[in-house]
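Order of appearance sets the numbers: ligands from 1, and atoms from 1 within every ligand. Residue numbers run from 1 in the order of the sequence given.
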Amino acid sequence: MELTTKGRYAVTAMADIAGQSDALTVPLSQIAERQALPLAYLEQIFVGLRRAGLVESARGRSGGYRLARPAAEISIADVMAAAEEDTHFTRCANGEASCLRDAPCLTHGLWQRLGAVTSAFFASVSLADVVGGTLAGMARAQAAPSAGLRRVYLDHNATAPLRGEAKAAMIAALDVDGNPSSVHSEGRRARGVIEAAREQVARLVNAKPSEVVFTSGATESNAWVMAQPWDTIFVSGVEHDSILAPARANGAEVIMVPVARDGRVLAEQIAARVLSGAPVGRALIALQLANNETGVIQDVAAVTAFAREHGLRVHTDAVQAPGRIAIDFAGLDADTMSLSAHKLGGPKGIGALIIRDHYDLAPLIRGGGQERRRRAGTENLAGIAGFGAAAKVALAALADAPRIAGLRDQLERDVCDAVPATVVIAGSAPRLCNTATLTLPGKLAETLVIRLDLAGFAVSAGSACSSGKVGVSHVAEAMGLERDVAAGMIRVSLGPDTTQDDIAAFAAAWKQISGNAALAA
Ligand code: PMP
């Protein structure tokens with residue numbers, strides 16, 4: 001049994017196009033070269049693919065083919081059919097059971113079944129699966145039961161698994177050879193990848209593309225803003241360390257804004273300080289959009305209204321928000337905003353600082369004209385391409401937020417029913433749809449995390465352990481939580497792949513683990 005070359009070439013060529021950035025039309029000569037396929041044969045195959053409505057062609061210098069539908073909506077069976085590939089591999093499996101003098105041959109059922117299984121498999125796999133690595137994921141998932149453990153990943157606030165679309169865009173970008181700063185056509189192609197991604201990131205947060213500056217991640221974005229020559233920085237104890245540490249190092253007067261027990265920053269106290277008459281000079285308010293440990297959403301718009309009136313700048317760390325709540329940079333009216341690709345299904349080590357137009361922020365990294373002289377260094381092309389693709393998916397994923405909120409609420413109900421001592425942290429505050437912070441007073445979070453890991457669940461501890469001494473999360477401390485409540489705090493953060501079964505299994509594991517005496521603090 002063997003597939004003909006026509007079918008295989010058709011699938012390979014279509015996968016090649018699917019792996020390029022979606023705006024590009026791809027000349028057949030490039031596909032032929034990259035995939036080592038005969039050009040004349042490809043030309044013949046593409047007549048059929050075009051006739052079947054799977055590709056569109058563009059003429060002229062930048063002529064070539066692009067997919068007529070998203071890669072996720074084109075199955076391998078579609079491509080095979082357009083290439084007139086037959087997945088019935090032997091003469092006796094063609095329908096009539098007459099292979100042996102009007103009777104079915106000995107192996108007739110075998111080949112017929114193989115044809116049916118192959119057709120079903122090809123129909124179940126899309127081009128996006130082929131280029132996005134989902135097939136490897138399927139293979140792992142199938143292998144898992146025999147390995148005896150099903151993993152449930154509930155740590156999306158630490159990092160979200162790479163989306164297939166982001167991986168495909170990154171793989172395609174690795175084949176783009178030029179330096180984006182070069183003026184030749186290789187350079188312009190690389191520049192095109194960056195600008196397409198910039199538009200996708202801008203669209204995700206309702207900013208202008210000119211306001212998006214790519215950085216190495218949110219830690220750099222935050223450091224950049226915090227390194228400006230401020231006289232006063234208003235900040236609260238629930239901010240991420242990448243805000244707090246550079247704020248302390250800045251030399252400015254750092255004013256700690258109090259936080260309510262439910263995790264909400266009492267930002268109105270900033271007004272009291274500013275209106276008291278004591279000068280604040282060049283002043284910054286750093287207020288996150290949503291907290292990474294509790295998911296609590298802050299009212300940034302209320303702060304910017306006041307800040308604008310009194311000449312203060314506002315920076316918001318929005319790392320945890322994309323794909324979970326709609327982000328409107330223009331409407332928020334903040335001066336700067338940090339994003340990180342790996343929290344929204346993109347790669348690690350790439351992020352952005354959104355800087356409102358005409359705000360002349362001094363560069364943190366100098367020595368090159370990239371990013372319109374705002375951030376020096378040759379761009380991380382593959383990272384940026386992956387960020388752009390993930391941003392596009394994250395924007396669409398907002399529609400799934402109510403389902404995820406429903407699962408999170410169910411999780412909180414189920415664990416409290418299973419173990420009544422469970423406390424839900426910040427349950428009454430407005431929160432991200434995907435985040436549940438649970439604690440078992442008197443238990444140690446680190447031990448809970450290890451037990452849950454052994455049971456197949458990936459979650460994070462809210463508290464941190466250093467030099468053998470159990471510390472308490474600075475977020476819990478800022479919220480004024482008691483030590484024994486804070487010490488058992490764990491964060492469960494759901495994602496697009498979380499199911500009802502995952503939640504039920506988690507609640508069962510929670511019940512089993514909480515009864516374990518060895519967990520006592
Ligand atoms: N801010 C928040 C709220 C975060 O959760 C994180 C990541 N944990 C960061 C900033 C830092 O982002 P990055 O990993 O891109 O440096």
Side-chain angles (χ1 to χ4, degrees), residues 153-162 166 197 201 204-205 212-227 235-248 259 263-265 284-298 300 314-325 327 332 334 336-354 364-365 375 377 380 383-384 386-388 390-391 394 426 429 431-432 434-437 458-464 473-476 478-479 489-495:
Y153 187 78
L154 294 171
D155 204 11
H156 288 77
N157 287 15
T159 197
L162 190 67
V201 171
L204 173 69
V205 297
V212 177
V213 182
F214 289 113
T215 64
S216 66
T219 298
E220 179 189 324
S221 302
N222 287 339
W224 184 0
V225 177
M226 304 314 288
V235 76
S236 84
V238 295
E239 291 292 327
H240 192 262
D241 272 330
S242 58
I243 293 280
L244 292 174
R248 288 186 201 109
V259 179
R264 269 185 282 197
V265 175
L284 173 76
I285 301 171
L287 180 61
Q288 63 194 194
L289 207 50
N291 185 266
N292 48 307
E293 287 190 31
T294 59
V296 171
I297 298 167
Q298 306 295 346
V300 175
V314 177
H315 170 66
T316 187
D317 175 343
V319 163
Q320 294 292 342
R324 298 169 187 163
I325 52 172
I327 306 178
L332 270 183
T336 49
M337 179 165 84
S338 298
L339 297 173
S340 177
H342 74 101
K343 307 287 183 174
L344 54 99
K348 299 165 188 73
I350 183 79
L353 183 66
I354 316 295
L364 179 69
I365 298 179
R375 199 273 188 183
N380 173 357
I384 290 172
F387 188 8
R431 283 181 301 161
L432 296 175
N434 76 316
T435 310
T437 307
V459 299
S460 281
S463 56
S473 127
H474 71 270
V475 171
M479 291 164 67
M489 204 164 101
I490 68 155
R491 174 187 68 194
V492 186
S493 48
L494 286 56

Can you give me the closest heavy-atom contact between Gly295 and Thr435, atom names plus distance? N-CG2, 3.8 Å
Enter the distance from Asn292:CG to Leu432:CG here, rounded to the nearest 0.5 Å. 10.0 Å
Heavy-atom side-chain contact between Leu204 and Leu344 under 4.5 Å: yes
Does an N or O from Ala218, backbone or side chain, lie closer than 3.5 Å to an N or O of ligand 1? yes
Report the part of Gln320 (side chain from C-beta onward, or backbone N, CA, C, O) that has a heavy atom under 4.0 Å from ligand 1; answer both or neither where that applies. side chain
Quick one: closest heavy-atom pair of Gln288 and His240, and the distance? NE2-N, 4.0 Å
Return yes if a side-chain donor-acceptor contact under 3.5 Å exists between Asn291 and Arg491, otherwise no. no
Can you pull out the closest protein heavy atom to atom 15 (O) of ligand 1? Residue, atom name and distance to 0.1 Å, please. Ser340 OG, 2.6 Å
Closer than 4.0 Å to some heavy atom of Val319 - which atoms of ligand 1 meet that? 1 (N), 2 (C), 4 (C), 5 (O), 6 (C), 10 (C)
Looking only at atom types and distance, does a side-chain atom of His156 sit under 3.5 Å from a main-chain N or O of Ser493, one as donor and one as acceptor? yes
Nearest non-hydrogen protein atom, atom 16 (O) of ligand 1: Thr219 OG1, 2.5 Å
Minimum non-hydrogen distance to atom 7 (C) of ligand 1, winning option of Glu239, His342, Lys348, Lys343: Lys343
Atoms in ligand 1 flagged as close to Ser242, the criterion being non-hydrogen separation under 4.0 Å: 10 (C)
Short list, please: which atoms of ligand 1 are under 4.0 Å from a heavy atom of Asp317? 1 (N), 2 (C), 3 (C), 10 (C)
Taking only heavy atoms of Gly217, which atoms of ligand 1 are found under 4.0 Å from at least one of them? 15 (O)
Please confirm whether Asn157 comes within less than 3.5 Å of ligand 1 when only nitrogen or oxygen atoms on both sides are compared. no
Mind listing the closest non-hydrogen atom pair of Ala286 and Ile243 along with its distance? CB-CG2, 4.0 Å
Can you find a pair of side-chain heavy atoms, one from Phe214 and one from Asn380, that are under 4.5 Å apart? no
What residue and heavy atom of the protein are closest to atom 4 (C) of ligand 1, and at what distance? His240 CD2, 3.4 Å
